[in-house]
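Order of listing sets the numbers, starting from 1, for every ligand and every atom in it. Being a predicted model, the structure only gives us computed values, none of them experimental.
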Amino acid sequence: MASAPLVTHIYTADPSAHVFEGKIYVYPSHDRETDIKFNDNGDQYDMADYHVLSLSGPGSEVTDHGVALTVSDVPWVSKQLWAPDAATKNGKYYLYFPARDKSGIFRIGVAVADKPSGPFKPDPEPIPGSFSIDPASFVDDDGSAYLYFGGLWGGQLQCWTSGKFDDSKSGPQEPSGNVPALLPKVAKLSENMHKFTSEGVKEIEILDEHGTLIQADDHDRRFFEAPWMHKYKGKYYFSYSTGDTHYIAYAIGDSPYGPFTYGGRILEPVVGWTTHHSIVEFEGKWYLFYHDCELSKGVDHLRSVRMREIVYDEQGKISLAEKQ
Ligand code: FUB
């Protein structure tokens with residue numbers, strides 16, 4: 001059973017949900033109409049600002065807090081404000097967002113606010129050492145904060161295999177054959193949440209049931225984009241989109257750095273090419289936030305955010321709750 005879009009007055013996508021100050025706040029991309037032709041590089045995802053949504057609980061009215069950050073506010077950005085996320089620490093709220101810099105390379109920026117709804121004031125430069133797309137923040141029980149990121153094809157993760165940006169690998173390319181798939185990334189955030197620590201950027205290993213890295217040709221299970229981290233009963237759940245096979249999958253580990261063992265799928269393909277989600281606990285129940293293109297009748301870059309309850313079985317396996 002599909003849920004209703006959270007809002008219908010604007011198109012929204014890539015929902016990152018958190019409980020802040022007793023309410024659910026959702027940090028989505030703000031999709032807009034464009035004449036840019038669809039391509040596998042994602043040029044049609046030409047978003048220019050962010051709105052923050054909030055609701056006091058499932059089924060309640062959703063507030064659109066208006067523009068929280070716009071492309072012209074950020075000196076280093078040229079275009080494409082893609083999937084953001086937010087975190088809180090030290091009484092402040094931090095918005096993490098990917099965008100192309102003036103040379104067309106995706107970087108990740110941070111912007112700060114006093115309230116979860118913003119408005120957010122961006123740092124003048126991207127986070128040093130950041131690259132690719134889809135930042136997802138996670139603050140562990142001990143206060144340590146992490147940023148997960150990465151996305152293939154238009155997200156440029158494959159351009160960084162040598163440690164330097166290689167433009168010849170731009171576009172819909174990735175390794176193939178029986179070699180390990182490209183791995184998503186994680187970096188521990190500094191105490192002030194504006195930088196990566198000196199630990200630098202690490203790779204997130206996703207293993208199959210035999211303890212072997214998921215292979216590049218295994219498009220049903222390999223990481224593509226949309227990383228998310230949540231913790232359930234002391235275990236770390238790393239979930240992600242499989243891109244061209246259109247699943248939301250997850251893998252379970254004992255540390256925020258992994259390794260993670262593939263656990264299954266949370267969401268089957270939705271209407272539209274992309275799929276992207278977040279998972280959050282609210283008042284003892286767990287919810288999946290995701291998007292699809294039903295409202296726009298299948299236009300891939302005009303998406304709408306929805307939410308559904310999820311449940312865990314005794315082994316910690318996730319499924320959609322039957323009754324919504
Ligand atoms: O919204 C633009 C891109 O589409 C996101 O960064 C990806 O995760 C995909 O949802």
Side-chain angles (χ1 to χ4, degrees), residues 5 10-17 26-34 36 38-51 53 69 71 77-86 95-101 104-109 126 130-137 147-159 170-172 174 182 184-185 222-229 238-250 266-267 269-279 288-296 298-306:
I10 55 172
Y11 287 109
T12 55
D14 309 322
S16 293
V26 184
Y27 299 84
S29 300
H30 175 199
D31 285 355
R32 62 172 182 170
E33 309 264 2
T34 176
I36 298 169
F38 176 98
N39 63 30
D40 283 335
N41 199 39
D43 293 344
Q44 67 277 21
Y45 299 98
D46 185 35
M47 297 84 98
D49 63 21
Y50 293 115
H51 287 224
L53 309 177
L69 183 74
V71 75
V77 168
S78 62
K79 60 179 181 176
Q80 289 181 306
L81 292 182
W82 281 12
D85 191 16
L95 185 75
Y96 297 97
F97 58 95
R100 285 187 193 260
D101 69 11
I105 298 175
F106 270 108
R107 305 279 182 186
I108 296 169
S130 68
F131 56 92
S132 196
I133 60 164
D134 290 0
S137 60
L147 204 65
Y148 297 82
F149 58 95
L152 302 182
W153 297 15
Q156 300 179 337
L157 189 62
Q158 71 283 355
C159 299
S170 287
E174 62 181 297
L182 288 180
K185 309 291 187 233
R222 64 99 172 75
F223 171 84
F224 187 92
E225 62 187 3
W228 186 255
M229 172 59 61
F238 180 80
S239 47
Y240 56 95
S241 162
T242 63
D244 58 344
T245 48
H246 315 290
Y247 301 119
I248 297 293
Y250 69 99
I266 306 171
L267 192 65
V270 294
V271 175
W273 199 98
T274 67
T275 187
H276 190 127
H277 71 299
S278 62
I279 293 169
L288 175 78
F289 287 75
Y290 65 105
H291 69 228
D292 69 19
C293 301
E294 281 188 31
L295 187 65
S296 69
V299 180
D300 283 321
H301 63 276
L302 297 178
R303 301 162 289 182
S304 302
V305 166
R306 300 168 188 257

4.0 Å heavy-atom contact, M47 with ligand 1 = yes

Heavy atom of H291, distance to ligand 1 below 4.0 Å | yes

With a 4.5 Å limit on heavy-atom distance, are the side chains of E225 and W153 in contact?
-> no

How about P28 and D14: do any of their side-chain heavy atoms sit closer than 4.5 Å?
-> no

Which class fits the ring pair [X] and [Y]: parallel under 30°, tilted 30 to 60°, perpendicular over 60°?
| X | Y | value |
| --- | --- | --- |
| F223 | Y240 | tilted |
| H246 | W273 | perpendicular |
| F131 | F149 | perpendicular |

Counting each atom of ligand 1 from 1 as listed, which ones have a heavy atom of [X] under 4.0 Å away?
| X | value |
| --- | --- |
| R303 | 1 (O), 2 (C), 4 (O), 9 (C), 10 (O) |
| H276 | 7 (C), 8 (O), 10 (O) |
| A83 | 6 (O) |

Starting from [atom], locate the nearest protein heavy atom and write down its residue, its atom name and how far away it is, to 0.1 Å.
| atom | result |
| --- | --- |
| atom 1 (O) of ligand 1 | D14 OD2, 2.5 Å |
| atom 6 (O) of ligand 1 | D134 OD1, 2.5 Å |
| atom 9 (C) of ligand 1 | E225 OE2, 3.3 Å |

Considering only heavy atoms, which of F97, F224, W82, F106 lies nearest to atom 3 (C) of ligand 1?
-> W82

Y45: what forms a ring-ring contact (aromatic ring centres under 6.0 Å, His included) with it, not counting sequence neighbours?
-> none

The salt bridge (charged side-chain N to carboxylate O under 4.0 Å, His left out) partners of D134 (sequence neighbours excluded) come to none

